Amino acid sequence: MRFFIGITPPETISKKIISFQKSFLNNDVPNLVEPHITVKSTGGLTEDKLWLPKIESAIKSFSEFQISFEEVGNFDENIIFLKPAFSQELINLHKTLFDAAGPYYKDPTKKYFENDQYHPHLTLGAIKWGLTKKDIVEMVKRAELELKNLPAFKVNSIRIYQENAEKKSWNMILDIQFGRKF
């Protein structure tokens with residue numbers, strides 16, 4: 001059983017992203033998980049959930065902040081994503097969750113891209129999830145037009161996802177609100 005932690009956009013933005021993703025018929029991403037920005041990947045989030053109280057405690061120190069998307073990006077031209085505009089609050093949130101989930105093992109392959117390797121993104125599609133190279137080229141062009149004016153949104157919670165190995169998807173299991181309010 002694996003877990004990860006993300007931030008979900010509001011429903012209006014998520015619906016637009018899902019509609020865009022589904023317009024590419026071979027794109028499995030919308031069938032795997034809802035739109036989200038990964039804040040803490042699976043490393044260190046063990047099946048025993050001993051990390052959960054630490055995460056809940058760490059979140060108490062956070063206040064609401066805003067996120068907007070600035071551009072379309074890619075990883076090795078195989079994964080297409082929306083890149084959030086730089087947010088020190090988002091970086092701080094990641095580092096806090098990374099530290100809280102410890103003890104953390106060394107990641108020599110950089111598989112999880114965490115801590116100083118953290119690269120916030122919202123995945124739109126990928127070759128490993130059904131797209132072709134031609135789809136990737138088209139997705140970038142269309143995303144730059146169709147998703148460029150998504151509004152900024154407030155972040156006041158994180159969402160914990162659990163893998164459903166049978167369905168090969170991820171399900172939301174818990175939302176945790178930030179502790180400080182304005």
Side-chain angles (χ1 to χ4, degrees), residues 1-18 29-30 32-73 75 79 81-124 147 149-165 169-182:
M1 193 173 350
R2 297 185 317 156
F3 302 89
F4 78 86
I5 302 172
I7 293 172
T8 54
E11 188 175 349
T12 54
I13 294 173
S14 289
K15 282 183 177 181
K16 185 167 186 163
I17 291 169
I18 291 168
V29 171
L32 301 173
V33 67
E34 67 187 346
H36 66 278
I37 299 167
T38 301
V39 185
K40 171 70 186 86
S41 73
T42 60
L45 303 180
T46 55
E47 197 169 327
D48 59 19
K49 296 184 189 170
L50 292 175
W51 47 268
L52 187 54
K54 296 173 189 172
I55 296 293
E56 289 173 319
S57 179
I59 289 304
K60 288 180 182 176
S61 68
F62 277 84
S63 301
E64 180 179 278
F65 62 92
Q66 282 206 62
I67 289 182
S68 61
F69 295 106
E70 68 178 2
E71 64 185 355
V72 177
F75 294 125
I79 299 172
F81 59 84
L82 289 176
K83 179 182 177 191
F86 177 80
S87 165
Q88 190 61 54
E89 293 92 344
L90 180 57
I91 301 299
N92 292 345
L93 179 60
H94 166 74
K95 288 190 178 214
T96 298
L97 296 176
F98 176 82
D99 291 342
Y104 187 73
Y105 57 91
K106 294 286 183 197
D107 181 16
T109 64
K110 307 287 187 226
K111 177 179 177 181
Y112 296 114
F113 296 99
E114 295 203 294
N115 206 9
D116 294 336
Q117 303 294 316
Y118 178 57
H119 189 88
H121 66 280
L122 187 150
T123 301
L124 296 173
L147 301 176
N149 291 319
L150 293 174
F153 61 94
K154 293 179 182 179
V155 177
N156 58 16
S157 65
I158 57 171
R159 180 164 285 177
I160 299 178
Y161 295 86
Q162 180 178 333
E163 183 179 34
N164 181 333
S169 63
W170 294 85
N171 301 320
M172 180 277 275
I173 60 166
L174 180 65
D175 284 330
I176 305 173
Q177 297 292 315
F178 293 167
R180 296 191 345 216
K181 304 286 182 210
F182 283 107

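Owing to the predicted nature of the structure, the values given are computational and were not obtained by experimental measurement. Note that the numbering runs from 1 along the sequence shown for the chain.
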Are any non-hydrogen side-chain atoms of [X] and [Y] less than 4.5 angstrom apart?
X      : Y      : value
Phe178 : Leu93  : yes
Gln177 : Ile59  : no
Gln66  : Lys154 : yes
Leu124 : Leu82  : yes
Trp51  : Phe3   : yes
Phe69  : Leu147 : no

Side chain of [X], backbone of [Y]: donor and acceptor closer than 3.5 Å?
X     : Y     : value
Ser87 : Leu90 : yes
Lys83 : Phe86 : no
Thr96 : Asn92 : yes

Legend entry - Lys/Arg-Asp/Glu bridge criterion (N-O < 4.0 Å) met for Glu11, Lys15: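 Lys15 and Glu11: salt-bridged.
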Output the distance between atom [atom1] ([X]) and atom [atom2] ([Y]), rounded to the nearest 0.5 Å.
X      : Y      : atom1 : atom2 : answer
Glu34  : Leu122 : CD    : CG    : 10.0 Å
Ile13  : Thr8   : CD1   : OG1   : 10.5 Å
Lys16  : Ile18  : NZ    : CD1   : 13.5 Å
Ile158 : Phe62  : CD1   : CZ    : 9.0 Å
Leu32  : Asn171 : CG    : CG    : 11.0 Å
Ile173 : Glu163 : CD1   : CD    : 12.0 Å

Atom of [X], atom of [Y] and distance for their closest heavy-atom approach:
X      : Y      : answer
Pro120 : Pro84  : O-CD, 3.3 Å
Arg159 : Asp175 : NE-OD1, 2.6 Å
Ile7   : Phe65  : CD1-CZ, 4.3 Å
Ala100 : Ala58  : CB-CB, 4.0 Å
Ile79  : Thr123 : CG2-CG2, 4.0 Å
Val33  : Trp170 : CG2-CB, 3.8 Å

Legend entry - Residues which pass salt bridge (charged side-chain N to carboxylate O under 4.0 Å, His left out) with Lys49, listed by chain and number, not counting sequence neighbours: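 Partners of Lys49 by the salt bridge (charged side-chain N to carboxylate O under 4.0 Å, His left out) criterion come out as none, since no residue qualifies.
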Legend entry - side chain to side chain contact (heavy atoms under 4.5 Å, CB included) between Leu52 and Leu174, intermediate numbers included: CA-CA 10 Å; Leu52 187 54; Leu174 180 65; 3.9 Å; yes
Legend entry - Parallel, tilted or perpendicular, as decided by the 30° and 60° cut-offs, for the rings of Phe4 and His36: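 Plane angle between 30° and 60°, so tilted.
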